[in-house]
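Naming convention: chains lettered A, B, ... in sequence-line order (proteins, then strands); numbering from 1 in each chain.
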Amino acid sequence: MTGPGPSPDDRPPRPPDRASDHPADGRAHAPAPTPRPAPRVRVRSTDPPPGGTDPARAAAPSGTPPDRPDDADDGASHYTRGLVRAQLRLGLACVVSFLAVVALLTLTMSAVPALDQVVVLGVPLPWLVHAYGFYPVIVAFGVVFAVAAARNERRYAALADGAAGPDDGGAP
Amino acid sequence: MSTALPLVGVALLLLATGLIGFYGLRVSRTTSDFFVASRTVRPVWNAAAISGEYLSAGTFLGLSGLVLLSGAEAFWFPVGYAAGYLLVLLFVAGPLRRSGAYTIPDFVHARLDSVVARRVTSVLVLVIGWLYVVPQLHGAALVITAVAPVPPWVGSVGIAVVVSAVVAAGGMRSITFVQAFQFWVKLTALTLPLVLVLMALGGAFEPGGAAVTFDPATVFPHDAGPGGLDAYATASLLLALLLGTTGLPHVLVRFYTSPDGGSARRTTVVVLVMISVFYMVSSTLGLVARVVAPDLARPGVADTVVLELPTRLVPGVGGQLLAALVVAGAFAAFLGTSSGLVVALAGVVSQDLFGGTVRSFRWSAVACTLIPLAFALVTIPQGLVTSVGTVFVFAASALSPVILLGVWWRGLTARGAVAGMVVGSVLCATALLASSAIVASGYGAGPAGETAGGLPGVVRALLAQPAAWTIPLATATVVVVSLRDRHGPPLRTDRFLRRLHVPERRRS
């Protein structure tokens, strides 16, 4: 990293709400994200052994810089590519369906002359749709994306921890 | 309108801004404080601050002005601004927070490991930022002449002085508090007058309680409504607004103040809600303006309609007080956006030229205010919404393709990025300049207008709304040049992308 960005050592501790990101939730709520099962590879683990504790929390960064040279464990980087693809698919799916809804709303309000006759509080309906109709759609897509993206990350954490664990490679 | 009350309103706003700014000064101690508020700003504070700097003069004054002037097509601007934030959330909010960079040039430098790409990005960020500050200063000039018998430059210079003082004194930390405060000022300054104006329309202040009556078909004619939509201009504008937000310098710098990628996403959702509420309020004022102030529907005057509505509809001192509140809110809009931009720009200048010390940040803040001030003083204000919209078109053509591909495409190379930024910015600037030259020389007024003059309407439409072809061309240039680049992507690409996309606690 020659980038002038600061070293992430100054990152504050995780806020308390992240503690609810239990990896088991991710597994329970959603089907497995990766289309094909990951190859079971023994990898050099850089995490402390999970033992009986929550592996995701056990793997929380404790002052270790993320860019140290030996952080490329193959199992996890396989899942990393899966995570990037999943997030990109999610974003593209959201933007495509958002644009479809926008196009539909636009067509409805501009191409149906009968709507001009519907006057609410003195304002024709197409004007009202144009002024207010798009924001609920935008916020709804934002909420859906934020929830789904966090779920992708939890699922990734669960899978990657499983892969990096000593014996029990892969999710149960 | 009386002079004293609005000036008292502005004075109170400046006093509060100064107090909050100097409170911030006491807690800003390190370089990190100055640039990114030490990354510990709470989501709601941060969301209010983001909204506070995103809601500029363009939507505070300009939106209702444009609704009055040209009808429902004006609603595309706020819809596009909000949808642009949705795209920021979908594609860049989390990853950019995790990149660990302070500014867009920092991000490009770290991603591509190229000083040349960094310099080109810095230049574009400065151009975009300065172009964005100019309409804020124009807005200040417009408002100050509407409320007091002073020359217009007083407003611009006043805003510039306050912004550079607050930014230089407190950096990002104090700016965060200032902007969060200003968001609530802006929202209140539109919502309270709106409620009373609507009550007045309903007849609450008339002796007989008679509501204002009007003919919907005259006030909201079909042709000025969604029915009169121009498909190409609308699609091109929306594309620009959607992608443009990603390329704005003050928007991206804000994510660095969230503690981690997940909270950056949650913050952005709150921002979407906040700006949506504000836009709906502002749009409603535009609808009211069409009912009660059709006489103000003239270019140059229409943008002051929000200042006029309260005194027209609410009798006595109440109307005067509301008008003063609106004026204070307008100044909060100029201050909030300008100071956010100046923080982002000063960060770029001081890091690129002076090694990023606190002292150089202060001087850069002053310089980054003076340059757009000079520009604002020698140019004539256009419509506020459309000026801001133009900046989005430029940002979407010049920077957004590189930022989006940098986050999501591992094949991006430094040469591809530089080529794309140059192609996008040159094409877009040429088209916009040619378009304004055509309009100025009288070859026909509207972008989709009549076939007056020698140029066919299609060409004029393409030049007036260039985003639909400049963004694809810029993106194609990035991709093609990157693919043909024999050097290939930088060696550390995979590790950097991993850092962008993997949740923080997994990075050990």
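- Of the two parts of P78(B), the backbone and the side chain both hold a non-hydrogen atom closer than 4.5 Å to a non-hydrogen atom of chain A.
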Mind listing the side-chain donor-acceptor pairs of residues 268-282 of chain B below 3.5 Å, one per line with the distance, residues two or more places apart or on another chain?
unit_1	atom_1	unit_2	atom_2	d
T268(B)	OG1	A264(B)	O	2.6
S276(B)	OG	L272(B)	O	2.7
S282(B)	OG	T59(B)	O	2.8

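- Neither the backbone nor the side chain of T234(B) comes within less than 4.5 Å of any heavy atom of chain A.
- Contact of L287(B) with chain A is made through the side chain alone, with heavy-atom distances under 4.5 Å.
- H501(B) contributes a side-chain N or O that, together with a main-chain N or O of V407(B), makes up a donor-acceptor pair within less than 3.5 Å.
- Proximity to chain A is absent for every atom of R410(B), based on heavy atoms less than 4.5 angstrom apart.
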For residues 96-104 of chain A, dump all side-chain donor-acceptor pairs below 3.5 Å to protein atoms at least two apart in sequence or in another chain.
unit_1	atom_1	unit_2	atom_2	d
S97(A)	OG	A93(A)	O	2.6
S97(A)	OG	C94(A)	O	3.3

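- Side-chain rings of W76(B) and F134(A) approach one another, their centers coming within less than 6.0 Å.
- Between chain B and the residues V139(A), L90(A), L88(A), V123(A), the most heavy-atom pairs under 4.5 angstrom are made by L88(A).
- When each of S283(B), A74(B), A72(B), P95(B) is scored by its heavy-atom pairs under 4.5 Å with chain A, the top score falls to A72(B).
- Within the 4.5 Å cutoff, the side chain of L83(A) has heavy atoms near those of the Q87(A) side chain.
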